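Everything quoted here is computed from the prediction, not taken from an experiment.
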Amino acid sequence: MNVAAILRVRAVEHPERLALFDATSNHGLTYAQLDAAAARVAAALRGRGLRPGDTVMIVHPVSAELYVALIGALRAGLVPAIPAAGGLHALERCARLHPPRAVLAGGAGWLALGAIAELRRAVRLSTAPAPFAFDALAPQLVGRAPVEPRDDGDPAMLTFTSGSTGEPKALLRSHGVARAQLAALGTALELDEGITLCAMAMVTFAELAAGATCLLPDLDLRRPGRVDGASLAARMREHRVERIIASPALLANLVAALRGRGQTLPALRTIASGGAPVVPPLADALRAVAPNARVLSVYGSTEAEPIASLDAADVTPADHAAMRAGAGLLAGPACDVGTVAIVARDLDAGIGPFSADDGVERRALAPGAVGEIVVRGPQVVPRYLDRSADAATKIRAGTTTWHRTGDLGYRDERGRLWLVGRASARIEDARGVIDPLRVECALAYLPEVARSAIATFDGARVLVVEPANGRRIGEAAIRAAIGFVTIDRIVFGTVPVDRRHQAKVDYAALARMLRRRARAA
């Protein structure tokens, strides 16, 4: 079934409910209007010669028009492609990985078209009148294309991983996987028909599938770590937002603004975060500024979302003590969909393949043993567009495919998942092993520390500490908080983070920063 049919069902069930409100244009669309606009777009795209399976790259700022275009493309059986974050360079890399049949641009997206050969050769579409392009969203267009029938295995959307742990990979979700992810996100995040502010594209689709009213604020959410928290809080009050799902970096800004003004957001019922580690002090701070809200952290990846989730109210004093002592970050119980396992990992060798479907389960580690987190299920993308990437990230077990997350962790005696860091960032030397998230999570409990990261450089264990705004902290306090490991050197400075969520440590950039510091010394 075409994943766009989910939204068609919502338009039939409650046509007059507001689906999207774009605060930038002060324009809203009911579910009936969203369905009608998407149907016109689908007809227009088919009228331009595009056929089911053709790829349409979307280069467009977040807006109501963006979602109309995306849903219209899906409805026509096309494959919308969403480039990775990172500006023109990332867009060019994505276009080369998978040259699109057409490109749909809007806003500043037009500036990229002339600079990238793969986009110059594509059919040009626009969401507004533009030279040398067809306006796919023109309101005077006639025709309402039906939802194009699609099988579960047919391609639905092409997205790209963030590249924060390597080069971005092209990821082709099928209609079956997309539907499973939307359903799993709806369950894990407890989505309903409330008013939501959502800063993540895939979650916005899940919100629409749940019948929510989605606010698109007049703020630039492409850089969540730079979003003005006071402005965000004002928009949330104005529109009576009941739920927000966003990067930890954006929520940290929101907390800082509210605390600074002695304010709260009592209308919030749910706060959820993911895309990067959600440390317990942030979750506790969110509970304080939103006293009526549940605070959920969701662990997952683009290839397999969600994997586990945790309600901050379920974290016990013993859990906090364990995290302070270096146990890692509690991610919570695995989500109901799919299966999670912990397997032994050899950094120099692959895992599997196994002849039997249960080959991975039979080799899963016992509670408490650290290994790589792997996951299978209907919400897991079974392969990358470039099949050469599968060898390092997929495990074949009989007819089953498991995704290797690249994260290290373990299960406790209650079956809950704990994270200890990226396998590629693990430190192994003559003095033993350090898993980075054990250190970084423990230091997150210090209010003077905004962020930290640990790495090796020239054979030394180096800890980079980013002080919180206006705060000072001495090395003695830092070493006391992480007495479970030995650190050779502490450096104070800004910890580099990923582009998409601006909250996940970019260890490759961290290594470059340490090299620059060494040359300058």
Side-chain angles (χ1 to χ4, degrees), residues 3 6 156-157 159 161-162 164-165 171 173-174 176-192 196 198-210 212 224 243-248 250-251 270-279 282-283 286 293-315 328-342 372-382 393-394 401-411 415-419 422 437 498 500-501 503-504:
V3 67
I6 297 173
M157 60 183 73
T159 54
T161 60
S162 65
S164 59
T165 57
L171 195 72
R173 287 183 176 93
S174 68
V177 167
R179 287 203 320 277
Q181 288 189 345
L182 294 181
L185 286 169
T187 299
L189 299 171
E190 301 181 358
L191 304 184
D192 57 22
T196 182
C198 186
M200 300 177 177
M202 191 62 180
V203 179
T204 301
F205 274 107
E207 293 277 18
L208 291 170
R243 181 168 57 244
I244 181 171
I245 302 171
S247 159
L250 184 146
L251 294 176
T270 304
I271 303 173
S273 189
V278 183
V279 292
L282 173 59
L286 288 166
R294 294 187 66 190
V295 177
L296 307 173
S297 57
V298 178
Y299 166 62
S301 68
T302 309
E303 298 90 340
E305 54 185 348
I307 296 174
S309 64
L310 178 69
D311 188 325
D314 295 333
V315 181
L329 177 66
L330 178 59
C335 295
D336 292 338
V337 63
T339 302
V340 178
I342 309 294
E372 183 173 2
I373 300 167
V374 299
V375 58
R376 67 169 173 85
Q379 87 285 16
V380 176
V381 180
T393 57
K394 304 296 178 185
T401 298
W402 292 74
H403 175 66
R404 299 176 58 178
T405 64
D407 293 327
L408 297 178
Y410 61 94
R411 287 185 185 275
R416 300 177 304 174
L417 191 64
W418 291 71
L419 310 177
R422 295 291 298 173
L437 197 51
D498 67 299
R500 179 179 294 178
H501 301 295
K504 187 163 48 179

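Between Ala276 and Pro248, the shortest heavy-atom distance links the atoms O-CG, 3.8 Å.
Remark: side-chain polar atoms of Thr401 are not paired, donor with acceptor, to backbone N or O of Pro382 under 3.5 angstrom. In this structure, Ser273 contributes its side chain and Ala246 its backbone to a donor-acceptor pair below 3.5 Å.
When side chains are defined from C-beta on, Ile245 counts as touching Leu191, because their heavy atoms get closer than 4.5 Å. Side-chain contact between Leu286 and Leu251 is present, with at least one heavy-atom pair separated by less than 4.5 Å. Side-chain atoms of Val177 and Gln379, non-hydrogen and from C-beta on, never get closer than 4.5 Å to each other. The side-chain heavy atoms of Arg173 and Gln181, taken from C-beta on, include a pair separated by under 4.5 Å. Considering only heavy atoms from C-beta on, Thr339 comes within 4.5 Å of Trp402 through its side chain. Contact check for Thr405 versus His403: side-chain heavy atoms found under the 4.5 Å cut-off. When side chains are defined from C-beta on, Ile244 counts as touching Leu250, because their heavy atoms get closer than 4.5 Å. In this structure, Val380 and Glu303 have side chains that are not in contact, with every pair of non-hydrogen atoms separated by 4.5 Å or more.
For Val279, the side chain to side chain contact (heavy atoms under 4.5 Å, CB included) partners at least two apart in sequence or on another chain are Pro281, Leu282, Ala444.
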Problem set entry | Check against side-chain contact (heavy atoms from CB on, under 4.5 Å), Met157 and Leu171 | CA-CA 8 Å; Met157 60 183 73; Leu171 195 72; over 6 Å; no
For this session: Dump the intermediate steps for side-chain contact (heavy atoms from CB on, under 4.5 Å) on Val340 and Val374, then the final yes or no.
Result: CA-CA 6 Å; Val340 178; Val374 299; over 6 Å; no
For this session: Kindly indicate, with the supporting measurements, whether the criterion side-chain contact (heavy atoms from CB on, under 4.5 Å) is fulfilled by Leu419 and Leu408.
Result: CA-CA 6 Å; Leu419 310 177; Leu408 297 178; over 6 Å; no
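Atom CZ in Arg179 sits 6.5 Å away from atom CD1 in Ile6 (nearest 0.5 Å). To the nearest 0.5 Å, atoms CG (Leu417) and CD1 (Ile373) are separated by 4.5 Å. If you take CD1 on Ile342 and CG on Asp407, they are separated by 10.0 Å, rounding to the nearest 0.5 Å.
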Counting only pairs under 3.5 Å, give me each side-chain donor-acceptor contact of residues 198-207, with atom names and distances, residues two or more places apart or in other chains.
residue	atom	partner	partner atom	Å
Thr204	OG1	Tyr67	OH	3.4
Thr204	OG1	Met200	O	3.1
Glu207	OE1	Arg243	NE	3.4
Glu207	OE1	Arg243	NH2	2.7
Glu207	OE2	Thr196	OG1	2.8
Glu207	OE2	Arg243	NE	3.0

Under 3.5 Å, which donor-acceptor pairs do the side chains of residues 307-314 form with other protein atoms, sequence neighbours left out?
residue	atom	partner	partner atom	Å
Asp311	OD1	Ala313	N	2.9
Asp311	OD2	Arg294	NE	2.7
Asp311	OD2	Arg294	NH2	2.5

